[in-house]
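For reference, the structure is listed below as structure tokens.
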Amino acid sequence: MKARIEALLNEIENLKAQKEQEIEEARVRLLGKKGEITKLFEEFRNVDREQKKEFGQKLNQLKTLASAKIEELKEKAQASAGAAGASQNDLSAPGDSYPLGSRHPVSICREEIVKIFRKFGYDVAEGPEVEDDWHVFEALNFPPEHPAREMQDTFFVTDNEQKNPILLRTHTSSVQVHCMETMKLPIRVICPGRVFRNEAISARAHCIFHQVEGLYIDENVTFADMKQAILLFAREMFGPETQIRMRPSYFPFTEPSAEVDVSCNICHGKGCNICKGTGWLEILGCGMVDPNVLEASGIDSKKYSGFAFGMGVERIAMLKWQVKDLRNYFENDLRFLKEFESNI
């Protein structure tokens, strides 16, 4: 046994394996369950009692030396592999590109709507989100007792019982009032912006959403002019084959008023789950500006006429990209937003 221990000590000291596979084979041959050193420990049981101390020390020395040598060879092999990998790096190669972000679908849709109406000669007007009762309601033919106020679930900033209370605007029609009060005629503007209504949040409704409203006032403006403008917009937004239909409706600030539907761009009017089998999709409300609204802003209703329209940006985006849950626009889920990278 002594001679075998001396031979193994000499072999371990001169061990020069370089590859990881060679080192692992040497470890198994020496220290594995059936390795040379393991066998010596098994034979140690049969050594005479007088020699156990001597052989025990030598066996422990042998095992410690073998383990240290294996670890040393492993470290050298890893360092050599790292140096070889570093030498293979091409310093002239371009670096890794950073991932691009994506525009929010509401912003994309709003900008597209604005771009379309700019082509038709409309200017863009914006106004405050915190407004007074006059611009949001009264100047738009909503007297205090008018039942239509119940259609607008309002967030009031000040006491709604006081005169001309302060509130969060429920529509961007308030910007149209500012335009009628301050701009020279004729007026042709669109008013994009964020609005607020005290509604329960669901897949079809939210307490915050975005609108784009339009206003055109000039001499001899007719319902036919409004219909043509909306038809041109629908075809620019949803495709040249798009058709529209108008259904009678009611808004306090327009008379006559209408709801506008477009032919479904998914099924092309044949009926599908998006349009609920009707072949039509509602996109906006419109109407001829009520003479009372013109007079409230100091415009002669006998000389001038006009039309107004309004649409929810989220609603247009839902139809354009077939998004079925309105809440997706407000949760900032990166998986959802990444789908719009190509629209940057």
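Bear in mind the structure is a predicted one, so any value in this text is a computation, not a measurement. For the numbers below, each heavy atom of this structure counts, side chains included, while hydrogens, waters and symmetry mates do not.
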Crowded around [X] [atom1]? As in, over 12 foreign heavy atoms under 6.0 Å?
X	atom1	value
K227	NZ	no
N220	CG	no
E241	CD	no
Q21	CD	no

Side chains of [X] and [Y] in contact at under 4.5 Å (non-hydrogen atoms):
X	Y	result
F238	L281	no
V262	M237	no
H171	F251	no
P105	V323	no
F223	M246	yes

Just say parallel, tilted or perpendicular for the rings of F117 and F309, cut-offs at 30° and 60°.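 Because their plane-to-plane angle is under 30°, the rings of F117 and F309 count as parallel.
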Sidechain N-carboxylate O distance under 4.0 Å for E112, R103: no
So, E111 and K115, do they make that salt bridge, N to O below 4.0 Å? no
Whether the E131 and H178 side chains hold a donor-acceptor pair (N or O, under 3.5 Å, no angle test) is what I'd like checked.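 On atom types as modelled, these side chains qualify, holding a pair under 3.5 Å.
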Between E314 and H206, a side-chain donor and acceptor under 3.5 Å: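 No, no side-chain donor-acceptor pair sits under 3.5 Å.
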Partner of S173 under side-chain hydrogen bond (donor to acceptor under 3.5 Å, both in side chains), chosen from Q211, E213, H135: E213
State yes or no: do I208 and V175 share one hydrophobic cluster built from I, L, V, M, F, W and Y residues joined by side-chain heavy-atom distances below 4.5 Å, directly or via other members? no
Give a yes or no on whether V28 and L73 share a hydrophobic cluster (residues Ile, Leu, Val, Met, Phe, Trp, Tyr; joining criterion: side-chain heavy atoms under 4.5 Å apart).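 No, because V28 and L73 fall into different hydrophobic clusters, even though each may have its own neighbours under 4.5 Å.
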In sequence, state the C-alpha distance, the side-chain angles, and the governing distance for E282 and R315, and then conclude on salt bridge (charged side-chain N to carboxylate O under 4.0 Å, His left out). CA-CA 9 Å; E282 180 185 330; R315 173 68 172 169; 5.5 Å; no
Minimum-distance pair of heavy atoms, taken over all atoms of A317 and C109: N-SG, 3.7 Å
Examine distances only and state if a side-chain atom of R169 and a backbone atom of G193 form a donor-acceptor pair shorter than 3.5 Å.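 Checked: no pair found.
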